[in-house]
Amino acid sequence: MPHIALVTPLALLAPLALLGTLLVAGLVVLVMRLRRLRMMQAEAARQAAAEAREQFGRDVHDLVSSRLWLASLRSELAYRLADDDSPLRPALADVVQSIRQASADIRNVTRSFRDVSLASELANARAVLHAYGTDCKVEATEAELGDEVSAVLAIMVREAVTNVLRHSRATLCTIEIVVRGGVATLTVANDGVDPSVRPGDGTGLDNLRNRAAALAGTVGTVLDPDGWFRLIAEIPRRGGDRR
């Protein structure tokens with residue numbers, strides 16, 4: 001009779017143990033993959049939400065903020081043109097204040113959603129100056145700027161143009177941005193300032209100086225005898241790095 005080998009329980013333990021180890025390892029890999037998939041899904045959802053917020057910020061800025069700025073300037077012009085004893089002046093003053101507050105609220109809402117666009121502010125500056133009968137010439141070097149630098153320059157353009165319309169009778173305004181030696185220089189000049197009246201700094205200029213200083217930059221003004229007023233800002237193109 002042929003010899004039949006008997007398989008003992010101990011002999012079965014080794015393959016069963018190996019099979020168990022393989023099953024555990026497979027379960028661990030599966031759990032890790034599921035966890036990684038959940039992380040990827042969470043990151044995709046977070047990225048989608050961030051993009052949605054940024055798009056919202058762009059829409060709000062493009063559709064509302066610029067129009068509020070223009071409305072503010074026009075209401076201020078109407079206020080200045082109204083007679084001192086006109087009953088419209090208090091109402092116009094309230095309109096101006098309300099629009100300014102609305103603009104501030106819009107900036108606060110969108111500040112964390114998008115950076116201010118330098119190209120958009122240059123286009124807005126040209127359009128609003130032309131609307132007020134002031135010729136505007138823009139020359140901007142096509143150079144890569146840091147995001148913070150670009151945003152600060154955009155804010156400076158907006159503030160400078162606002163001051164031109166509020167405090168001067170300019171017929172020409174020039175806006176120039178050049179980059180040399182790692183430094184971006186913004187110059188906003190207009191020909192409508194009375195040279196006999198020294199313009200004050202004001203909180204607006206102080207704010208611009210603080211913004212520039214935060215990026216290792218400077219802001220200054222020059223008033224020429226012929227009535228040309230210049231705001232000059234110099235900021236390292238990468239912000240805080242003059243190399």
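For this chain, numbers begin at 1 and follow the sequence in order.
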Could you walk me through whether Ile155 and Asn207 satisfy the side chain to side chain contact (heavy atoms under 4.5 Å, CB included) test, starting with their C-alpha distance in whole Å, then the side-chain angles of each, then the deciding distance to 0.1 Å, before giving a yes or no? CA-CA 10 Å; Ile155 293 171; Asn207 290 337; over 6 Å; no
Just do the side chain to side chain contact (heavy atoms under 4.5 Å, CB included) check on Thr185 and Thr187 with the steps written out, would you? CA-CA 7 Å; Thr185 300; Thr187 303; 4.1 Å; yes
Taking all heavy atoms of Leu208 and all of Glu159, pick out the closest pair and write down the distance. CD1-CG, 3.7 Å
Which distance, rounded to the nearest 0.5 Å, do you find between the CZ of Arg211 and the CZ of Arg209? 15.0 Å
Tell me which donor-acceptor pairs under 3.5 Å the side chains of residues 173-184 have, and how far apart each pair is, sequence neighbours excluded?
none

Applying side chain to side chain contact (heavy atoms under 4.5 Å, CB included) to Val138 and Cys136, what does each step give before you reach the verdict? CA-CA 7 Å; Val138 177; Cys136 179; 3.8 Å; yes
When you look at CZ of Arg166, are more than 12 heavy atoms from neighbouring residues, nucleotides or ligands closer to it than 6.0 Å? yes
Arg80 and Arg89 have their tightest heavy-atom pair at O-NH1, 4.3 Å
Heavy-atom pair of closest approach, residues Ala216 and Pro236: O-CD, 3.5 Å
Kindly say whether Ala170 contributes a backbone atom to a donor-acceptor pair with the side chain of Thr134 at under 3.5 angstrom? yes
Below 4.5 Å, heavy atoms only, C-beta onward: do Val161 and Val128 meet side chain to side chain? yes
Strictly distance-based, threshold 3.5 Å: is any side-chain N or O of Arg126 a donor or acceptor partner for the main-chain N or O of Lys137? no
Would you please say whether a donor-acceptor pair under 3.5 Å links the side chains of Thr171 and Asp135? no
CD1 of Ile99 to OG of Ser75: how many Å apart, nearest 0.5 Å? 4.0 Å
Any sub-3.5 Å donor-acceptor pair from Asn190's side-chain atoms to Gly192's backbone N or O? yes
Test your reading of the model: is there a side-chain donor-acceptor pair from Asp226 to the backbone of Trp228, 3.5 Å cut-off? yes
Is the backbone N or O of Arg158 less than 3.5 Å from a side-chain atom of Thr162, with the two atoms forming a donor-acceptor pair by type? yes
Donor-acceptor pair, side chain of Arg230 and main chain of Val188, under 3.5 angstrom: no
Atom CZ in Arg237, atom OG in Ser150: separation rounded to 0.5 Å? 12.0 Å
Distance col, row Met156:CE vs Leu205:CG, nearest 0.5 angstrom, shows 9.0 Å
Whether the side chain of Ser98 engages the backbone of Asp94 through a donor-acceptor N/O pair (distance < 3.5 Å, no angle test) should be reported. yes
So how far is it from Leu145 CG to Leu118 CG, rounded to the nearest 0.5 Å? 7.0 Å
Just do the side chain to side chain contact (heavy atoms under 4.5 Å, CB included) check on Phe229 and Val164 with the steps written out, would you? CA-CA 9 Å; Phe229 178 80; Val164 169; over 6 Å; no
